[in-house]
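Letters A, B, ... are given to chains in the order of the sequence lines, protein chains preceding strands, and every chain is numbered from 1.
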There are 2 protein chains.
Amino acid sequence: MKQKPVDTVEFAKAIADETRQKIMAICCCELLSVNDIVDKTNVAQPTVSHHLKILKTAGLVRSERHGKQVLYTLNQERMAEGCCQVAENFAPEHPVELVD
Amino acid sequence: MKQKPVDTVEFAKAIADETRQKIMAICCCELLSVNDIVDKTNVAQPTVSHHLKILKTAGLVRSERHGKQVLYTLNQERMAEGCCQVAENFAPEHPVELVD
DNA sequence: TTGACATATTGAAGAGTATCGATATAATAT
DNA sequence: ATATTATATCGATACTCTTCAATATGTCAA
């Protein structure tokens with residue numbers, strides 16, 4: 001069940017920032033507006049928008065406009081693909097069970 | 001079977017570079033000297049040493065001195081841990097089978 | 001201990017990135 | 001149309017990182 005292969009460098013760069021990982025954690029299982037994320041992170045709104053754009057470009061968040069707001073949520077499937085690809089490339093002898 | 005938890009930001013930063021991923025791929029399943037890596041990457045020796053240090057600090061390579069040479073190899077187990085931790089944090093609803 | 005080889009460290013230049021104030025764009029309501 | 005709210009973009013600053021030449025350190029052989 002192979003999908004389109006992930007660019008592991010782009011994937012790693014996208015998640016290689018503390019602020020971005022905070023944002024990712026916050027909107028992992030929720031659909032949140034930009035302002036919601038601003039409130040929960042104490043990061044300025046332009047900074048949040050900037051990080052969301054990076055995550056979006058990497059395919060790691062989905063977004064939809066609802067009226068004035070734009071709601072974002074983490075694309076867990078794509079996250080899983082990225083992790084898989086990294087593990088396949090760099091841990092081929094250590095296949096790993098991610099299920100808890 | 002939980003080990004010491006991985007700092008996912010440090011992990012992501014360590015692998016978030018094209019040159020480093022080249023090095024990681026090259027010494028994934030082999031024990032290579034710094035010069036071997038230099039030859040296979042066309043990257044200057046100080047640059048290779050620099051990247052190896054970053055990977056070492058993150059625990060992603062092991063090294064042992066053999067005479068004049070220092071041999072490096074990717075720590076696949078730690079790579080797998082890093083991938084697991086990222087997936088657990090950011091793809092909790094998408095448990096993933098990494099086994100081919 | 002001298003010379004040769006292998007790797008690590010230093011120092012500097014350039015590229016890239018994070019951050020945020022100011023401002024522009026978008027959507028809605030009055 | 002105008003005001004209000006929400007988000008995106010711009011521009012500047014500061015910081016971090018990559019890269020490599022030069023040099024230092026470490027190892028071994030003669």
Side-chain angles (χ1 to χ4, degrees), chain A residues 7-27 30-75 82 86 90, chain B residues 7-27 30-75 82 86 90:
Chain A
D7 178 336
T8 55
V9 174
E10 183 190 23
F11 172 72
K13 284 189 175 176
I15 69 173
D17 180 82
E18 189 177 1
T19 302
R20 267 192 309 275
Q21 286 202 10
K22 272 184 200 159
I23 292 172
M24 289 159 62
I26 285 173
C27 67
E30 270 187 289
L31 199 56
L32 294 179
S33 72
V34 176
N35 265 334
D36 288 339
I37 297 171
V38 169
D39 292 341
K40 297 195 178 199
T41 55
N42 283 331
V43 173
Q45 178 266 314
T47 304
V48 170
S49 279
H50 171 245
H51 287 303
L52 286 171
K53 187 178 186 180
I54 290 171
L55 293 172
K56 178 95 185 190
T57 299
L60 298 182
V61 295
R62 300 184 184 289
S63 64
E64 35 181 292
R65 182 173 274 279
H66 278 244
K68 302 185 212 174
Q69 316 194 98
V70 178
L71 305 182
Y72 285 86
T73 192
L74 191 63
N75 185 345
V86 171
F90 305 116
Chain B
D7 178 337
T8 54
V9 173
E10 183 189 25
F11 172 73
K13 283 188 175 176
I15 68 173
D17 180 81
E18 188 177 3
T19 301
R20 254 174 343 255
Q21 287 202 8
K22 272 183 200 158
I23 292 172
M24 290 160 62
I26 285 173
C27 66
E30 270 185 290
L31 199 56
L32 294 179
S33 72
V34 177
N35 266 335
D36 288 338
I37 297 171
V38 169
D39 292 341
K40 297 194 178 202
T41 55
N42 283 329
V43 173
Q45 178 267 314
T47 304
V48 170
S49 280
H50 172 245
H51 286 304
L52 286 170
K53 187 178 187 181
I54 290 171
L55 292 172
K56 178 98 185 188
T57 299
L60 298 182
V61 295
R62 299 184 184 289
S63 64
E64 34 181 294
R65 182 174 274 279
H66 279 245
K68 302 185 210 174
Q69 318 193 96
V70 179
L71 305 182
Y72 284 86
T73 192
L74 191 64
N75 186 343
V86 171
F90 304 116

Using a cut-off of less than 4.0 Å, is there contact between a side-chain N or O of [X] and OP1 or OP2 of [N]?
X: B:T19; N: D:dT19; answer: yes
X: A:H50; N: D:dT7; answer: no
X: B:K53; N: C:dA8; answer: no
X: A:H51; N: C:dT19; answer: yes
X: A:T47; N: C:dA18; answer: no
X: A:Y72; N: D:dA8; answer: yes
X: A:R65; N: C:dA26; answer: no
X: A:K68; N: D:dT7; answer: no
X: A:N35; N: D:dT7; answer: yes

* Structure fact -> DNA chain C nearest-nucleotide lookup for A:D17 and B:V34: closer to the 5′ end is B:V34
* When the nearest nucleotide of DNA chain C is assigned to A:A16 and to A:H66 on a heavy-atom basis, which residue is associated with the more 5' position? -> A:A16
* Quick one: label B:I54 by what it contacts on the DNA or RNA (base, sugar-phosphate, nothing), any heavy atom closer than 4.0 Å. => sugar-phosphate
* Asked: Contact class for B:V48 vs. all strands (heavy atom < 4.0 Å): base, sugar-phosphate, or nothing?
  -> nothing
What is the distance, rounded to the nearest whole Å, between atom [atom1] of [X] and atom [atom2] of [N]?
X: A:Q69; N: C:dA29; atom1: CD; atom2: P; result: 12 Å
X: A:E18; N: D:dC15; atom1: CD; atom2: C1'; result: 15 Å
X: A:D36; N: D:dT5; atom1: CG; atom2: P; result: 16 Å
X: A:I23; N: C:dA18; atom1: CD1; atom2: P; result: 11 Å
X: B:L55; N: C:dA8; atom1: CG; atom2: P; result: 12 Å
X: B:L71; N: C:dA8; atom1: CG; atom2: P; result: 11 Å
X: A:L31; N: D:dT7; atom1: CG; atom2: C1'; result: 15 Å
X: A:E64; N: C:dA27; atom1: CD; atom2: C1'; result: 16 Å

* To do: State whether the side chain of B:T73 and the backbone N or O of B:E30 hold a donor-acceptor pair below 3.5 Å, judged by distance alone.
  => yes
* Asked: Is there a donor-acceptor pair closer than 3.5 Å between any side-chain N or O of B:R20 and the backbone N or O of B:K22?
  -> no
* Asked: D:dA22, D:dT18, C:dA27: which one has an atom nearest the side-chain heavy atoms of B:R20?
  -> D:dT18
* Structure fact -> Of the candidates C:dA26, C:dT9, C:dA18, the side chain of B:S49 sits closest to C:dT9
Closest heavy-atom pair and its distance - [X], [Y]:
X: A:L74; Y: B:F90; value: CD2-O, 3.3 Å
X: A:A14; Y: A:L55; value: O-CD2, 3.8 Å
X: A:V34; Y: A:S49; value: CG1-OG, 4.1 Å

* Supply the atom-to-atom distance A:H51 NE2 to A:I37 CD1, rounded to the nearest 0.5 angstrom. => 11.5 Å
* Asked: Between the side-chain atoms of A:Q45 and the base atoms of D:dA8, is any donor-acceptor pair under 3.5 Å?
  -> yes
